[in-house]
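Quick notes on the structure that follows.
Atoms considered below: every heavy atom in the structure, side chains included; atoms not considered: hydrogens, waters and symmetry mates. Computed from a predicted structure; not experimentally measured.
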Amino acid sequence: MRQCDHPNKHTSCIKTVPIFSSVSFEEMLEIAAITEARNYQKGEMVYTAGDQGGKLYVLHTGKVRITRINPNGKEQVIRILGPGDFMGELSLFSSMPLTDNAQVLEDSTMCVIEGAKLKELMAKNPIISFKIIDELSQRLEKLETRIEAISLSSVEERLAQALLELFDTEIEIVLPMTKGDLASQLGMSQETLSRKLGVFQEQNLIKLEGHRKIILLDKDGLEKVAQGYN
């Protein structure tokens with residue numbers, strides 16, 4: 001990791017984050033003043049579980065994988081972050097050490113905001129606080145939905161639900177993560193994921209191209225699988 005050579009990018013980094021969309025130009029300059037731009041190389045750890053937090057990391061370019069390690073040493077992928085996403089936010093409200101790991105998946109640029117000074121700004125502009133709470137609520141809802149799916153849904157249902165979420169309004173996608181990371185996120189092995197994708201292709205629900213490209217062929221059919229009607 002090294003400091004970014006272009007600190008003037010701070011404001012453009014801040015603009016990409018939804019929680020700062022309502023701040024005035026003057027307030028944006030205030031945030032930029034407490035922000036340090038850093039470059040990270042692929043494979044580098046931004047932080048690991050047990051580190052002291054107190055900073056908000058805003059991803060400007062690149063991708064970051066957030067994981068946790070269970071007591072048995074198994075890695076669980078929590079989420080994959082892209083430009084405009086942020087991490088480390090829980091440490092802003094607690095003195096407890098960080099509980100997850102953040103690893104860079106490709107060369108990335110981040111804006112690192114000093115937590116104590118950010119909280120002072122949040123006190124002056126409650127809208128920022130509300131937006132952070134809203135973002136955390138959405139993340140919690142997604143996490144609870146995923147836990148429910150792992151507990152109550154079959155492997156096929158989980159995979160179909162995940163694919164439909166990725167397709168959204170598209171009919172062709174490139175997986176934003178490795179199959180191993182997607183499998184971990186869905187609570188299954190990579191071998192199971194690959195096998196089930198093959199089954200979906202045999203059922204003419206999807207078409208696989210290369211390692212990550214997937215084409216949607218039958219949305220109604222995939223929705224039926226997601227709802228347990230397969």
Side-chain angles (χ1 to χ4, degrees), residues 1-7 9-11 13-14 16-20 23 27-126 128-140 142-144 146-147 177 181 184-185:
M1 178 271 294
R2 64 183 179 83
Q3 288 189 353
C4 180
D5 298 328
H6 304 287
K9 289 185 177 179
H10 292 189
T11 54
C13 178
I14 294 164
T16 65
V17 188
I19 60 173
F20 297 134
V23 301
E27 289 168 329
M28 193 170 293
L29 291 178
E30 284 188 68
I31 299 172
I34 60 173
T35 299
E36 175 189 355
R38 299 179 185 175
N39 287 333
Y40 291 84
Q41 296 182 339
K42 179 180 178 180
E44 193 172 354
M45 300 300 296
V46 182
Y47 58 77
T48 58
D51 289 350
Q52 289 300 315
K55 292 180 173 62
L56 185 70
Y57 297 84
V58 179
L59 188 56
H60 186 40
T61 63
K63 287 183 182 178
V64 173
R65 178 175 61 173
I66 304 298
T67 63
R68 288 191 181 183
I69 307 296
N70 69 18
N72 296 323
K74 185 177 179 181
E75 183 181 71
Q76 174 70 49
V77 177
I78 306 300
R79 60 185 181 273
I80 304 294
L81 304 182
D85 288 329
F86 59 88
M87 55 192 170
E89 68 284 346
L90 294 181
S91 70
L92 298 179
F93 308 105
S94 170
S95 58
M96 297 292 290
L98 292 162
T99 57
D100 51 26
N101 309 289
Q103 184 179 30
V104 176
L105 295 179
E106 58 186 49
D107 290 354
S108 303
T109 302
M110 296 184 203
C111 290
V112 184
I113 305 174
E114 192 62 45
K117 295 178 181 177
L118 177 59
K119 284 191 284 188
E120 292 178 9
L121 185 60
M122 289 165 60
K124 292 196 301 181
N125 190 336
I128 297 177
S129 302
F130 293 143
K131 290 209 169 190
I132 290 179
I133 292 171
D134 180 59
E135 174 66 23
L136 294 181
S137 297
Q138 291 182 40
R139 289 185 182 182
L140 180 59
K142 288 180 181 178
L143 183 59
E144 289 179 339
R146 189 178 306 152
I147 292 172
M177 62 191 82
D181 285 346
S184 175
Q185 208 169 40

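Note that the CG atom of Leu118 and the CD1 atom of Ile31 stand 7.0 Å from one another [nearest 0.5 Å]. In this structure, CG in Asp181 is found 7.0 Å from CD in Glu75, a value given to the nearest 0.5 Å. One distance of note links NZ of Lys124 with NZ of Lys119; it measures 16.0 Å at 0.5 Å rounding. Annotation: the span from Gln103 atom CD to Ile80 atom CD1 amounts to 9.5 Å, rounded to 0.5 Å. Ile113 contributes atom CD1, which lies 10.0 Å from atom CZ of Phe86 (distance to the nearest 0.5 angstrom).
Residue Leu59 comes nearest to Ser108 through the heavy atom pair CD1-CB, 3.9 Å, listed as atom of the first residue, atom of the second, then distance. Across His60 and Pro83, no two heavy atoms sit closer than the pair O-CB, 3.4 Å. Nearest heavy-atom pair, Gly50 versus Pro97, reported as atom, atom and distance to 0.1 Å: O-CB, 3.5 Å. Ile34 and Lys117 make their closest contact through CG2-CD, 3.5 Å (heavy atoms, listed as atom of the first residue, atom of the second, distance). Closest of all the heavy-atom pairs between Ser184 and Val77 is OG-N, 2.8 Å. Between Leu105 and Lys42, the shortest heavy-atom contact is O-CG, 3.3 Å.
Panel note: side chain Thr109, backbone Thr61; no donor-acceptor pair is recorded below 3.5 Å.
Between the side chains of Asp134 and Gln138, a donor-acceptor pair is found at a separation under 3.5 Å. If you check the side chains of Arg68 and Gln76, you find no donor sitting under 3.5 Å from an acceptor.
A side chain to side chain contact (heavy atoms under 4.5 Å, CB included) with Glu114 is found for exactly one of Glu120, Lys55, Glu36, namely Lys55. Shown are Val46, Leu56, Val58; of these, the side chain to side chain contact (heavy atoms under 4.5 Å, CB included) with Met110 is made only by Val46.
Counting heavy atoms from C-beta on, the side chains of Tyr47 and Asp100 come closer than 4.5 Å. Counting only heavy atoms from C-beta outward, the side chains of Asn101 and Met45 approach each other to under 4.5 Å.
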